[in-house]
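In listed order, ligands and their atoms are each counted from 1. Every heavy atom of this structure was used, including side-chain atoms; hydrogens, water molecules and symmetry mates were not. Bear in mind the structure is a predicted one, so any value in this text is a computation, not a measurement.
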Amino acid sequence: MKRRVAILISGRGSNMAALIQAARAQDFPAEIVVVISNRADAGGLALAVQNGVATAIVESKPFGRDRAAFEAQVQSVLDEHRVELICLAGFMRLLTAEFVQRWHGRMLNIHPSLLPSFPGIDPARQALAAGVKISGATVHFVIPETDAGPIVMQGAVPVAEDDTPETLAARILKVEHRIYPDALRLLASGGIRLAGNICRTTGSIDHGQRLISPAPR
Ligand code: GAR
């Protein structure tokens, strides 16, 4: 049985699209049963519709600071669709500790940096300001702290001398689209075990892989 997945978005939805695309494969262990946006103007909503995926809009703005009331509405959509796993994909709304706890071990997020470096806003700009030579993306389980939690999968990219936050973010986005479906596959197929703050996986390492940046002359 395929695991039933909801994707929560706030914007353009390119990671959502990558997950929907991957889940089309017959052997993919999960199906995307609903996309929920907290913004009516999220570009990803149209993309989801085009792909034949059910959508729901639960606008967060009218709820103001009452995050619990907003989440109660989200939860009712999740119940309606009998959702088992959640993927946050550019979902820019903080969740309460209660909601996060309820979905403990069943909710993933993707963040465009090699966590625990550069959580929060504009991680590509943060990476350039720190002068790192390698950056990337992280899929992790959601815990109450923002952009933290047991790491499921990471993908690395080199940072170029002439990168701007935009060019680096675009390079990282490509790796996001690669690792998010792979991480969901791992979770949905039972290849993940949580041991406290550490995520143990059945994934193997590629012993031939090296990323050195800048490339030596
Ligand atoms: C992605 O880069 C995602 O990693 C980031 O928002 C972007 C959403 O793009 N998420 C965060 O920064 C979470 N802290 P998308 O809507 O095209 O997937």
**Request:** Please identify each residue that fulfils side chain to side chain contact (heavy atoms under 4.5 Å, CB included) with Leu173, with sequence neighbours left out.
**Result:** Arg12, Ser14, Asn15, Glu176, His177
**Set of residues satisfying side chain to side chain contact (heavy atoms under 4.5 Å, CB included) with respect to Ala69, sequence neighbours excluded** = Phe63, Asp66
**Non-hydrogen side-chain atoms of Leu94 and Phe99 separated by less than 4.5 Å** = no
Side-chain donor-acceptor distances from residues 208-217 under 3.5 Å, at least two apart:
from	atom 1	to	atom 2	distance (Å)
Arg210	NH1	His207	O	3.2
Ser213	OG	Lys133	O	2.7

**Request:** List, ordered by chain and residue number, the protein residues whose closest non-hydrogen atom lies under 4.0 Å from any atom of ligand 1.
**Result:** Arg12, Gly13, Ser14, Asn15, Gly90, Met92, Ile110, His111, Pro112, Asp147, Leu173, Glu176
**Request:** Salt-bridge test for Arg3 and Glu84: reply yes if a basic N is under 4.0 Å from a carboxylate O, no otherwise.
**Result:** yes
**Item:** N/O donor-acceptor pair under 3.5 Å between Tyr180 side chain and Ala89 backbone
**Value:** no
